[in-house]
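See below for the structure under consideration.
Residue numbering restarts at 1 for every chain, and letters A, B, ... go by the order of the sequence lines. Owing to the predicted nature of the structure, the values given are computational and were not obtained by experimental measurement.
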Amino acid sequence: MNVISLSFLSFLAVVLLVYYLLPRRPQNIWLLVASYTFHITWAWQFALVLLILTIGNFGIARIVGRVEKGRRVWLWAGIGLNVAALAFFRLAAFFVPEAAELLTRLGFTDPTGLQLLLPIGLSYYILENISYQVDVYRGQVSVDGDFLDFALYLAYFPKLLAGPIERARSFLPKLAQQRLVDNDVLARSFTLVIVGLVRKLIIADTLNAAIPWDVFVEPSYFGAIELFGWLVVYAFALYNDFVGYTSLVRGVSGFFGIEMSANFKQPYFARNFTEFWNRWHITLSHWLRDYIYFPISRSLLRRNPSPRNVPNLILPPITTMLVSGLWHGFSANMLVWGGMHGVYQVMERLPSLWRPVTPPHRWPRLRQLLGVGLVFLFTLLAWVPFRMELPVAVDYWRGLAQVTNFAIRYRRIVLTVPLLLLALAIDWFEYRSQDETVYLRWPRLAQAALLAVALFIILIISQADYEEPFVYQGF
Amino acid sequence: MKSETLKLTFPSGLTFLTALILLIALLAAGEWLARSRPVQENLPAPSLGVVHRNLEVQIDVLEQRVAHNEAIDCLMLGDSTVMTDFVPASFESAFHEQTGKDIDCLNLGVGASTVASSVALAEVMMKEYRPALLILGLEALNFTVSTEDQESGALLKAPWIRYKLGRPSIEGWLYDHSRLLEYRPILRKLLRFEFDFLGVLQGSFPDESGIINGYFPLNGQGPFAIDEPPNPDSEHPFDEHYFAELGNFRLLPENVQALEELARSSDDTTQVFVVEMPVAESFVYYYRNGEQDHEAFINTIEDLLSAHDMSFWPTSELHLFTIGDWYNRNHLNTAGAQVFSEWLGRQVGQAVLNKSSLGETWTPIP
């Protein structure tokens, strides 16, 4: 069941209606039932994988939290279980088609039983499981919690498809307390849903539809200016797709009185790459920071606490970003994408070897603007291997380097400008106010007019049998 | 039962209510605009929510005729063979030669139709437009495929068709009454860049129906050896489909019943003819029992229609075509389509002259 569909709307209405009538404890059981039902609408096997991993992780965490000896071994067993599950399903996607083909050649006429799909949301709840194990090991999460609450923490349907990646230490307490949905919460949640729909249906889907099918397949046919233009369009389409999804599901979760973490804070306004990763896919970035970057950095600083520790400058960001690349996909192009961001971070930290670092908000205004421009430009270059296979990506970079080629094949690129401006305007309002529901501060008539126009365009542009998946659903 | 979680205080939802009123106003303005002449003249044919664009385009032609109080003379329905084989201009000209009367015909062939879906469409057309003549073109495949099939059943699942057949739904009602909703797919395609937006701004919409001169022309010959039996090992989708369907030939009861229903509902307002859509001689090799199966198909229709005094014209014994007239074993190319349509025009013309086959109320355009 796609979260933008009439069936999801009906499902949500029924779940909410019953939810509001129940006291807190049965509410969690009801949400768990609803979440597994949502899972089963994709495939019952996915629900089974989730259930097995839930039981496995809960059991191992109890041992980690309670035994005196061998805690570390059990922690690694817990982490290993999750990494193995992710690796198994990710690798299966690569090797099963080949194995099926081999079996067909050997005379097995129907090897369809071999087909395995990456269970929906697996990449996201695997990270939640690992953080849970580590936090239990560190004593930051109690293991005396309820199994049903833990199961709901992993299965909670608004965050199932593509996050946000919640931490047990902040999410489990929300499940244990009484929830309140008052006028303010309802207005805020509704605003998040509408902004999410506008970003996804009006901006992201339209920009994606505008991108020519061949630009990311045969970039050598295009001039540099046009290649750059379509890369900008792709960057905004990807961003609005993901931020739209996050806004939508956070709004849905708000209807239940459960606040989920923000995942984006206007990343294209970032002035350096450290800031970019604190604004883009925040819950993943912070997960990687806490469970990859900091442990490596701490280990290196223990050996050499000097501020001019060069390995500490290079290894943590490079390793973290390579892991991020692998998490997005077991492929060379994703590794290159991660590697590029790792190198960007190393480069911007190099000056710290000989002078103190000044945070971006203290930079002169012109440098801040220049920083925004440079970060956006280098992020664009990194989106190239994120979007396409490596040989094509190389062609794309080559094409971008031919800066004197002004040829334009698809004139409709001009028509994407209003949408890019709309996307920037939404970000700008939110950036200036530091509030993603800034529209609620507008006069009532302005709010109502904006909502009516947004709903009108959504009604025109959307389909009942909506099938456009969210890009990050695929990870 | 009081909720412990939901605690709303009043006044609440005023903004939402205001937005709702504004939205209704916007929808009303959109509806007014969609009904305006400049929009109707410049936008392509509106959509009825059916997947067959050619049908929507042809129904728009019918609507325009109704709007100008013009009579609907004749419609031909069936599957893709009707789309490709029935040339209205050739039919009209042969009819004129035979009768001295002008007639205006429309090709309403719908790809992958079954008898049941063609008859459903025929019922809607007879009810809505009261054509003087309705010709149903049939081939054996129309009887073997169930309307449960995703492609063939698509027409019957369309909310507008269902609504017109007396199965009410909000979507069906909206398609029938809201011009804005009918233009929504066009606007959606515009906003999703499915049309060349700049070209559209300059006034040219691409034709998505494939209809040229009132039918769906196939040029030349497809990659088929028409004069040879089809190869059962062929991987061509046409061959695979025909072998799969006709290799286990059976007349599905839902399709036979549908034809019987049409025969029963034929009245004085609309005269219904049924014609076998031509197939090449080598087509019979798709059947498991060859000629025997094909004869069973012809005999069943003949028996069924003669019980209701309806005309049925088989074409397999007529030898109207040369090898060069075929695109594949059951679709004619432009040359063959012209031959077939002229023959059909003479047949129907003869029936008109005989009078016995035409209702009293029919008056072709003089």
So which residue, [options], ends up with the most heavy-atom pairs under 4.5 Å with chain B?
options	answer
A:A448, A:G257, A:A209	A:A448
A:D182, A:T416, A:T206, A:V453	A:T206
A:D184, A:L180, A:L207	A:L180
A:L445, A:L459, A:L419, A:L455	A:L459

Should we count [atom1] of [X] as having more than 12 external heavy atoms under 6.0 Å?
X	atom1	result
A:Q178	CD	yes
A:F11	CZ	yes
A:R441	CZ	yes
B:W32	CH2	no
A:F8	CZ	yes

| request: With rounding to the nearest 0.5 Å, note down the distance linking CD1 in A:I457 to CG in B:L26. | output: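 Between atom CD1 of A:I457 and atom CG of B:L26 there are 9.0 Å.
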Which atom names give the shortest non-hydrogen contact between [X] and [Y], and what distance separates them?
X	Y	answer
B:L180	A:F456	CD2-CE1, 4.4 Å
B:T15	A:R444	OG1-NH1, 3.1 Å
B:A19	A:L451	CB-CD2, 3.5 Å

Checklist entry - Tell me, side chain or backbone of A:F255 under 4.5 Å from chain B's heavy atoms, or both, or neither? => result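 Neither part; nothing is under 4.5 Å.
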Notebook entry, point to check: Under a 4.5 Å heavy-atom cut-off, does chain B meet the side chain of A:V185, its backbone, both or neither?
Noted result: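 Neither part.
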